[in-house]
Amino acid sequence: MRTNKSEELFERSKKRIPGGVNSPVRAFGNVGGVPRFIARAEGDRIFDVDGNEYIDYVMSWGPMILGHGREQVLEAVEKACREGLTFGAPTEKELVLADLISEAMPSMEKVRLVSSGTEATMSAIRLARGYTKKDYIIKFRGNYHGHSDGLLVKAGSGAMTTAVPDSAGVPKGYAETTLVAEYNDEESVRALMDEYKGKVACVIVEPVAANMGVILPKEGFLQFLRKITEENDCLLIFDEVITGFRLSYGGAQEYYGIKPDLTTIGKIVGGGMPLAAYGGAAKIMDHISPAGDVYQAGTLSGNPVATAAGIETLKLLRDNKEGYAELEKKASKIREAFEESGRKRGRRIIVNQAGSLLSAFHCGENTSECISNYDDVCTCDLDFFSSDFHALLDAGIYMAPSQFEAVFLSMAHTDEDIERTCRIIESL
Ligand code: KE4
């Protein structure tokens with residue numbers, strides 16, 4: 001496969017852009033090789049600058065659930081562009097989108113539109129602290145909520161109760177009020193709640209973890225979080241930036257039947273444009289400026305082009321909810337192909353799947369029988385993963401360039417392309 005144009009662009013980009021990319025995971029750091037510079041996309045396909053064509057299973061990390069270039073979305077965006085890219089003033093589209101979000105996820109009685117998932121989670125955390133007047137937050141090791149300082153932390157080895165910054169530039173003081181628990185480990189949450197009794201503002205969780213690969217909540221785990229937050233008078237925040245409109249039209253909260261106090265969404269809700277949101281009960285959200293004293297703002301928040309894309313995307317999903325069952329069936333075929341591929345090679349590949357979200361964990365010799373937390377993920381064989389990643393890429397199958405990400409399908413993935421993908425996976 002010729003990749004010299006991507007190689008040349010990557011070398012030049014590294015001289016102008018840190019790491020040659022505008023978001024780290026795109027640099028193929030986990031798998032090596034040349035990141036493909038993409039020229040265009042259509043349906044379930046992407047085309048790189050060397051003219052290579054791939055079936056796309058990244059779908060821009062989740063937003064493109066309808067596939068690339070869905071006509072109705074493009075038309076709405078083109079129309080909005082002609083009416084004006086941005087005004088910095090309220091528009092009817094923002095209300096239409098907020099109504100659609102609230103109708104899909106009734107726990108989001110009030111909604112604030114922002115421009116990225118990071119902004120949504122950062123603002124929801126500030127709101128939880130302002131509303132409860134408490135400072136500590138609990139997050140889970142291996143959960144990713146964007147790159148705001150207080151969320152960019154994970155427990156240091158052994159120090160599971162106070163975090164150490166995961167990134168340079170995050171002052172220790174910023175991380176000290178971030179407590180880190182273990183995903184699927186109720187005792188680790190209970191211990192923190194007891195140790196910091198009366199001081200915890202919220203628990204923020206990915207209801208299905210998808211940033212250490214896909215890890216499903218154990219039976220009762222989410223219900224436990226709902227109960228222990230109510231008992232401790234703190235808020236439960238569902239970070240549904242990935243699961244929102246992905247697991248089902250109503251997201252994980254509909255899929256699992258749990259009502260969080262606050263929800264953050266992104267990706268799909270913007271239809272491929274920079275748009276995200278956070279929301280919850282009016283009694284909480286009315287603490288947000290200018291209604292209340294928790295400040296949050298944004299020049300391009302709810303801009304007319306992004307809201308046009310989001311409105312059209314949600315309407316198409318709302319009016320085609322049976323598409324989610326189809327999507328899950330396609331994902332199951334991919335899961336079965338990866339499992340078969342491991343069996344044929346005498347290797348273990350464990351695939352976790354929730355709805356159409358899945359990850360194929362390439363097991364190491366010490367990997368346990370199931371992958372249910374961060375420590376399990378760390379036993380995977382990253383060389384095995386990256387060898388399969390590159391074999392698939394060379395065969396025209398574009399999967400996430402990291403063992404710690406998810407496979408994203410779209411409603412544009414044809415049965416033929418799914419079959420073709422399965423054949424290639426099984427031939428690895
Ligand atoms: P953004 O700021 O990237 O829009 O959203 C941050 C975010 C928040 N919450 C969850 C659960 C997320 O998964 C994300 C971002 N997801 C990654 C993919 N794992 C985005 C890809 C990237 O970082 O380039």
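Order of appearance sets the numbers: ligands from 1, and atoms from 1 within every ligand. This chain uses plain numbering: 1 for the first residue, then up along the sequence. For the numbers below, each heavy atom of this structure counts, side chains included, while hydrogens, waters and symmetry mates do not.
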Is the number of heavy atoms from other residues, nucleotides or ligands within 6.0 Å of CD (Gln72) greater than 12?
yes

Just which atoms of ligand 1 are under 4.0 Å from any heavy atom in Ile242?
13 (O)

Backbone or side-chain N or O of Ala210 under 3.5 Å from ligand 1 N or O
no

Cut-off 3.5 Å, side chains only: do Tyr54 and Asp48 have a donor facing an acceptor?
yes

Which residue owns the protein heavy atom closest to atom 7 (C) of ligand 1, what's the atom, and how far is it?
Gly146 N, 3.8 Å

Do ligand 1 and Lys267 have nitrogen or oxygen atoms that lie under 3.5 Å from each other?
yes

Using 4.0 Å as the upper bound for N to carboxylate O, is an ion pair formed by Glu75 and Lys79?
no

Report, in ascending order of atom number, the atoms of ligand 1 lying under 4.0 Å from any heavy atom of Glu405.
18 (C), 19 (N)

Please list the nearest protein heavy atom to atom 10 (C) of ligand 1 with its residue and the distance rounded to 0.1 Å.
Tyr144 O, 3.3 Å

of all protein heavy atoms, closest to atom 5 (O) of ligand 1 is Gly117 CA, 3.3 Å

Can you confirm whether the side chains of Thr177 and Arg129 place a donor and an acceptor under 3.5 Å from each other?
yes

Establish, from distance only, whether the side-chain atoms of Asn303 and Thr86 form a donor-acceptor pair under 3.5 Å.
no

Could you check atom 13 (O) of ligand 1 against the protein and tell me its nearest heavy-atom contact, residue, atom and distance included?
Asn211 ND2, 2.9 Å

For Val241, counting its heavy atoms only, list the atoms of ligand 1 lying under 4.0 Å from any of them.
7 (C), 8 (C), 9 (N), 10 (C), 12 (C), 14 (C)

Measure from atom 3 (O) of ligand 1 to the protein's non-hydrogen atoms and state whether any distance is below 4.0 Å.
no

Decide yes or no on side-chain contact (heavy atoms from CB on, under 4.5 Å) for Asp233 and Thr132, but give the supporting numbers first.
CA-CA 8 Å; Asp233 199 19; Thr132 63; over 6 Å; no

Note: Arg190-Asp185 ion pair, threshold 4.0 Å (strictly below):
no

Ligand 1 atoms in contact with Ser23 (distance to a heavy atom under 4.0 Å)
22 (C), 23 (O), 24 (O)

Side chain, backbone, both or neither: the part of His147 lying under 4.0 Å from ligand 1 by heavy atom:
neither

Trp61-ligand 1 polar pair, N/O distance under 3.5 Å:
no

Does Thr121 reach ligand 1 with a nitrogen or oxygen that is under 3.5 Å from one of the ligand's nitrogen or oxygen atoms?
no

Taking only residues two or more places apart in sequence or in another chain, which ones pass side-chain contact (heavy atoms from CB on, under 4.5 Å) with Leu85?
Cys81, Val305

Tell me which one of Asn211, Val25, Leu382 satisfies side chain to side chain contact (heavy atoms under 4.5 Å, CB included) with Phe404.
Leu382

Determine the sole option in Asp388, Leu392, Ile425 for which the side chain to side chain contact (heavy atoms under 4.5 Å, CB included) test with Ile397 is passed.
Leu392

Does an N or O anywhere in Asp239 fall below 3.5 Å from an N or O of ligand 1?
yes

Using heavy atoms and a threshold below 4.0 Å, how should the contact between Thr118 and ligand 1 be classified: side chain, backbone, both, or neither?
both

